[in-house]
Student: 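Got a structure for you, written out below as structure tokens; questions coming shortly.
Throughout, a chain's letter reflects where its sequence line sits, starting with A, and its residues are numbered from 1. Atom set for the values below is all heavy atoms of this structure, side chains included, hydrogens, waters and symmetry mates excluded.
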Number of protein chains: 2
Amino acid sequence: MSQDDAAVDLETSLGYLLKEASSALRAAMEAVLRPLGMTVTHYSCLELLAQRPGLSNSELARGAFVTRQSMNVLLQALERDGYVSRPAAAPVGKVLPTRLTSRGRRSLAAASAAVRSVEVRMLGGMSEAERAAAYTLLRGMIRALKDPGEGV
Amino acid sequence: MSQDDAAVDLETSLGYLLKEASSALRAAMEAVLRPLGMTVTHYSCLELLAQRPGLSNSELARGAFVTRQSMNVLLQALERDGYVSRPAAAPVGKVLPTRLTSRGRRSLAAASAAVRSVEVRMLGGMSEAERAAAYTLLRGMIRALKDPGEGV
DNA sequence: TGACTCATGTCAGCAGTCTGACATACCTTG
DNA sequence: CAAGGTATGTCAGACTGCTGACATGAGTCA
């Protein structure tokens, strides 16, 4: 139909391509994390805690792109299994700072190596300049999408 | 810890940025599709059918990045509500070619315009050259992730 | 022709995530 | 100081998408 030409062309749509790339990355990460008995969100949570110890439930949720309710469920499981620890009472306010246990750190080490190998493969064919360009372009897209009134 | 430096640095990780961008795009799409009573997968299915009429359930699933089981559930609902039509029996093999009904086309028109506005906002601050660069870079990442043995 | 492989459509069960709701603690602002 | 607004942690229910499984049809090869 001639109307189709006016529609978003999936073949050349950056939005579609972005979704495809993200989907491929997620699938690749799931493939290497599954043997370790870990999901992507599971890994994301541990990685966030390694780099920024003491993050709260809500902060972790934002960093892993899930709701704080979902992260809460995950954190309770991780705490039950001894991967992270949280104080019984909040030192200030309601915020419960979370930390990795030694077991959590050990578990993360293997997962982090696996994920790093995926990222290396993804960046394999790119030059330093191209990586920098991709970084800048993605940052721009994120900003444009998050700012409500970007105007024309 | 000094070990953290060797880990994937989230601040500069292209993988993390890709996930963030995809998450922001999905949120923006959900925001404009919700008033139309449509989900992202719902829209994706209709858009695929508009551009490539006669796609099968499995082909639609691959195009929308979900399993064929999930797409099957969606297609049954869309067929029940009169947005798409499928022949009762497969003309050849088991493949059931799906087509938009006029109602489906009408429903898609509004959604397509809304999604296009999101993509326009996303590309707002980018030059033509930058868009072409982003296109090439994403394509490269996808290829590297999907090809199993890319080597070092 | 018959066996093997692969892709498809579909059903059932399950895990992960989301929305809705509530109580609580901090921070303004009058 | 009191009151409203905002952010947090948590519980409960609902939903979406995934994994596992099965039967069917097409293509391949001996």
Side-chain angles (χ1 to χ4, degrees), chain A residues 19 22-24 26-31 33-46 48-49 54-81 83-99, chain B residues 19 22-24 26-31 33-35 37-45 48-49 52 54-81 84-99:
Chain A
K19 188 175 178 181
S22 178
S23 172
R26 186 177 190 85
M29 287 178 66
E30 281 172 353
L33 288 175
R34 187 185 311 274
L36 303 173
M38 212 180 280
T39 68
V40 173
T41 308
H42 186 134
Y43 158 76
S44 301
C45 178
L46 264 45
L48 280 164
L49 284 174
L55 247 45
S56 71
N57 175 31
S58 289
E59 291 167 328
L60 286 168
R62 281 191 290 268
F65 309 108
V66 296
T67 62
R68 66 186 197 276
Q69 291 92 330
S70 297
M71 183 54 72
N72 189 37
V73 173
L74 175 60
L75 272 185
Q76 286 176 353
L78 290 178
E79 190 173 18
R80 169 173 50 76
D81 297 342
Y83 293 103
V84 305
S85 67
R86 288 192 290 182
V92 54
K94 295 191 69 178
V95 178
L96 290 174
T98 311
R99 293 186 173 277
Chain B
K19 188 174 179 183
S22 178
S23 173
R26 185 177 191 87
M29 287 178 66
E30 280 172 353
L33 288 175
R34 186 186 310 273
M38 210 180 282
T39 68
V40 174
T41 309
H42 187 135
Y43 158 77
S44 301
C45 178
L48 281 164
L49 283 173
R52 301 208 274 276
L55 247 46
S56 72
N57 175 32
S58 289
E59 291 167 327
L60 286 168
R62 281 190 289 268
F65 310 109
V66 296
T67 63
R68 64 187 198 277
Q69 292 91 328
S70 297
M71 182 54 73
N72 190 36
V73 173
L74 174 60
L75 272 185
Q76 286 175 354
L78 290 178
E79 190 172 17
R80 170 174 49 76
D81 297 342
V84 306
S85 67
R86 285 192 292 181
V92 54
K94 295 191 68 178
V95 178
L96 291 174
T98 311
R99 293 186 173 278

Student: Rounded to whole Å, please give me the gap between CD in A:E79 and C1' in D:dG9.
Tutor: 12 Å
Student: To the nearest angstrom, how far is B:L75 atom CG from C:dT10 atom C1'?
Tutor: 12 Å
Student: Please report the interatomic distance CG(A:L49) to OG(A:S44), rounded to the nearest 0.5 Å.
Tutor: 11.0 Å
Student: Report the residue from A:R68, A:Q76, A:Q69 that forms a side-chain contact (heavy atoms from CB on, under 4.5 Å) with A:N72.
Tutor: A:Q76
Student: On DNA chain D, check which nucleotide each of A:R34 and A:E59 is closest to and give me the residue with the more 5' one.
Tutor: A:E59
Student: Write out all pairs satisfying salt bridge (Lys or Arg N to Asp or Glu O under 4.0 Å) with one or both partners inside residues 84-96 of chain A, taking only residues at least two apart or from two chains.
Tutor: A:E79-A:R86
Student: Which atom names give the shortest non-hydrogen contact between B:C45 and B:L78, and what distance separates them?
Tutor: SG-CD1, 3.8 Å
Student: Calculate the interatomic distance between B:H42 atom NE2 and D:dC15 atom P; express it in whole Å.
Tutor: 17 Å
Student: May I have the distance from A:N57 (atom CG) to D:dC11 (atom P), rounded to whole angstrom?
Tutor: 11 Å
Student: Send over the distance from B:L60 CG to C:dT10 P, rounded to a whole Å.
Tutor: 12 Å
Student: Between A:R86 and D:dT10, is there a side-chain N or O to OP1/OP2 distance below 4.0 Å?
Tutor: yes
Student: How long is the line joining CZ of B:R68 and P of D:dC18, in whole Å?
Tutor: 12 Å
Student: Between D:dC15 atom P and B:L74 atom CG, what is the distance in whole Å?
Tutor: 16 Å
Student: Nearest 0.5 Å, what's the CE-CG distance between B:M71 and B:N57?
Tutor: 7.0 Å
Student: For the CG atom of A:L60 and the CG atom of A:L74, what is their distance to the nearest 0.5 Å?
Tutor: 9.0 Å
Student: C:dG9 P sits how many Å from B:R62 CZ, rounded?
Tutor: 9 Å
Student: Would you mind telling me which of D:dT8, C:dC18, C:dT8 lies closest to the side-chain atoms of A:T67?
Tutor: C:dC18
Student: Should A:S70 be listed as having a side-chain N or O under 4.0 Å from OP1 or OP2 of C:dC18?
Tutor: yes
Student: Could you go through nucleotides 24-27 of chain C and list every protein N or O atom that sits under 3.5 Å from one of its N or O atoms, giving the distance for each pair?
Tutor:
{"residue": "C:dC26", "atom": "OP1", "partner": "A:G93", "partner atom": "N", "Å": "3.4"}

Student: How many angstroms lie between atom CG of B:L55 and atom CZ of B:R62, to the nearest 0.5 angstrom?
Tutor: 9.0 Å
Student: Say you draw a straight line from OG of A:S85 to CG of A:L75; how long is it, rounded to the nearest 0.5 Å?
Tutor: 11.0 Å
Student: Can you tell me how far the CG atom of A:L33 sits from the OG1 atom of A:T41, to the nearest 0.5 Å?
Tutor: 10.0 Å
Student: Under 3.5 Å between N/O atoms: give me all the protein pairs with nucleotides 11-16 of chain C, atom names plus distance.
Tutor:
{"residue": "C:dC11", "atom": "OP2", "partner": "B:Q76", "partner atom": "NE2", "Å": "3.2"}

